[in-house]
Engineer: 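The structure follows.
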Amino acid sequence: MADEDDIILSELNDEELVQQMMDDLYDGLKEEIEEAVEILLERGWTPYDILTKALVAGMTIVGADFRDGILFVPEVLLAANAMKGGMAILKPLLVETGAPRMGKMVIGTVKGDIHDIGKNLVAMMMEGAGFEVVDLGINNAVEAYMEALETEQPDILGMSALLTTTMPYMKTVIDALIEQGKRDDYIVLVGGAPLNEEFGKAIGADAYCRDAAVAVETAKTMVARKHNQMG
Amino acid sequence: MISDQSLSETGLSASGAGRVLVIACGALAREILALKAANRWDHIDLTCLPAKLHLYPEKISDAVRDAVAEHRDAYAQILIAYADCGTGGGLEATCKELGVEMIAGPHCYAFFDGNEAFAARAETEITAFYLTDFLVRQFDAFVWRPMGFDRYPELIQTMFGNYDRLIYLAQTDDAALDAKAEDAARRLGLRYERRATGYGDLASALRDFATQTA
Ligand code: B12
């Protein structure tokens, strides 16, 4: 396998290795990512640092290039898959090493819609940022959201829709929350390509997020504000 | 002769014949030309935007706006042969602002099937993936290659894991297309179904425009 210009990951210094990981993530090279994660762990990096400084940072670049039309869906999926490989190693260690816990999110694609690539990406990046994520999958009716909110008691409810016909269902869910007097118990974030800020406001969400990086930043800010308010 | 590839990549120029204009998605060119010929709507000219805009819906509204600006002076009236197509209501707002009509409905799968019928079937067909005549012919250019299946076959499962069937909404009776659609289903690992829809709500929208402007 080792051809002449193959890079030996273990021979790179930390800085070079992290740079190489970002490149490998961009190219969707799962095995290389897994190997590099192991190397950094051996070198004494905390799982949290590997996650945020290498994987999340690399995936943020992928997200930006997708937004700018440089990458398309398959490349994003491969990068996500590579990141998942790294995260699978880190996840059990994060708990042990006392990585910061940011909060909890329940996320799902709304009823009538089975697009899930963007939703999965948001879920992964939220986990990468230290949130606990409960993923309800696709085609979720109001009842499914309500039940999960009840059992999981998250800080955040996230809803995704990629079809013009399914976007309005987000309002159905928010209206149900209002009706049950629970709207203020959760931060509601919405996303998906056909949505925009105006729509988010109109249906009464706390925020519309254009991509996963914005979702993470918004979630952090809003959760911090919520905790401060509760004092 | 127009090629499907040019309809995908570059669109179709107006011929200059006709008092009124339809600005359409390239994916509807053959269908609109067929309706025009069959009904002798000689006063209607057609121009198409590249069908591949469908993969980048955020660009559709601006592309339509530019096309209307380009052709407005040369034609008495313009119809936009697009549905919402994932613009989240954006195209509707643009058309309203420009004072032009568009086709009702979420996308071409719905209006070929008939918007009402399509909506009524939404729950039972949630795990279905649709193709039209155009998409059957352009399956490789619109699905297989952009989704990366030529390079990364493992992504088929990631993308279509939640689907169980492919429904070919057929505008025309064409055994070759039927076979090609069935082959697409096989390649995606989906059950195959064919439903003859004809031109559905596209025909009525064009008929309305043709009579209004006759
Ligand atoms: C990939 C894709 C598919 C794949 C889906 C695979 C999968 N497992 O999800 C396949 C090919 C299977 C598919 C099927 C269909 N699709 Co499709 N699809 C797309 C496409 C090209 C890209 C969507 C995508 O995955 N983007 C990549 C991700 C990373 O981006 P994203 O989803 O926008 O997510 C980001 C942000 O929006 C945000 N975000 C997303 N969700 C959330 C949630 C929260 C809480 C937050 C905070 C943020 C957030 O963060 C994400 C990451 O940065 C879009 C067009 C487009 N360019 O958007 C059409 C599109 C959405 N599809 C469309 C259609 C019509 C369909 C079909 C009906 C087509 C058919 N032939 O049958 C079916 C739908 C079936 C169903 N019942 O749902 C239309 C919708 C038109 C409309 N009027 O609504 C589009 C717009 C294409 C078009 N112009 O025609 N599709």
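Computed from a prediction, not measured in an experiment: that's the story for all the values here. Below, all heavy atoms of this structure are taken into account, side chains as well, without hydrogens, waters or symmetry copies.
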Engineer: Please find out if less than 6.0 Å separates the ring center of Y145(A) from that of Y186(A).
Structural biologist: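 No, the ring centres sit 6.0 Å or more apart.
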
Engineer: Which one, G28(A), P74(A), P194(A), leads in non-hydrogen pairs under 4.5 Å with chain B?
Structural biologist: P74(A)

Engineer: Taking side chain as everything from C-beta outward and backbone as N, CA, C, O, which of these in Y56(B) sits under 4.5 Å from a heavy atom of chain A? Side chain, backbone, both or neither.
Structural biologist: side chain

Engineer: Quick check: closest heavy atoms across V106(A) and P154(A), and the distance to 0.1 Å?
Structural biologist: CG2-CG, 3.6 Å

Engineer: For a quick test of reading the model, state the closest non-hydrogen atom pair linking A170(B) to R194(B) and the distance between them.
Structural biologist: CB-NH2, 3.4 Å

Engineer: With a sphere of 6.0 Å drawn around CD of Q212(B), does it hold more than 12 non-hydrogen atoms of other residues, nucleotides or ligands?
Structural biologist: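 Enclosed.
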
Engineer: Is any NZ, NE, NH1 or NH2 atom of the basic residue among E127(A) and K84(A) found under 4.0 Å from an Asp or Glu carboxylate oxygen of the other?
Structural biologist: no

Engineer: Report the option among P146(B), G148(B), G89(B) that has the most heavy-atom pairs separated by less than 4.5 Å from atoms of chain A.
Structural biologist: P146(B)

Engineer: Select one option (side chain, backbone, both, neither) describing which atoms of D84(B) are under 4.5 Å from chain A's heavy atoms.
Structural biologist: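 D84(B) touches chain A through side-chain heavy atoms alone.
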
Engineer: Indicate yes or no: does D174(B) engage K180(B) in a salt bridge with an N to O separation below 4.0 Å.
Structural biologist: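 Judged by the 4.0 Å cut-off on N to carboxylate O distance, D174(B) and K180(B) do not form a salt bridge.
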
Engineer: Please state whether the side chain, the backbone, both or neither of I126(B) comes within less than 4.5 Å of a heavy atom of chain A.
Structural biologist: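 Both the backbone and the side chain of I126(B) come within 4.5 Å of chain A.
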
Engineer: With a 4.5 angstrom heavy-atom cut-off, which part of E123(B) approaches chain A: side chain, backbone, both or neither?
Structural biologist: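 Just the side chain, heavy atoms under 4.5 Å.
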
Engineer: In a check of ring-ring contact (aromatic ring centres under 6.0 Å, His included) between Y130(B) and each of F118(B), F112(B), Y168(B), which one passes?
Structural biologist: F118(B)

Engineer: Taking N139(A), T165(A), L195(A), L162(A) one by one, which has the highest count of heavy-atom pairs under 4.5 Å against chain B?
Structural biologist: N139(A)

Engineer: I114(A) versus chain B, heavy atoms under 4.5 Å apart: side chain, backbone, both or neither?
Structural biologist: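 For I114(A), heavy atoms of backbone and side chain both lie under 4.5 Å from chain B.
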
Engineer: When heavy-atom pairs shorter than 4.5 Å are enumerated against chain B, which of I117(A), D113(A), I138(A), L163(A) gives the highest number?
Structural biologist: I138(A)

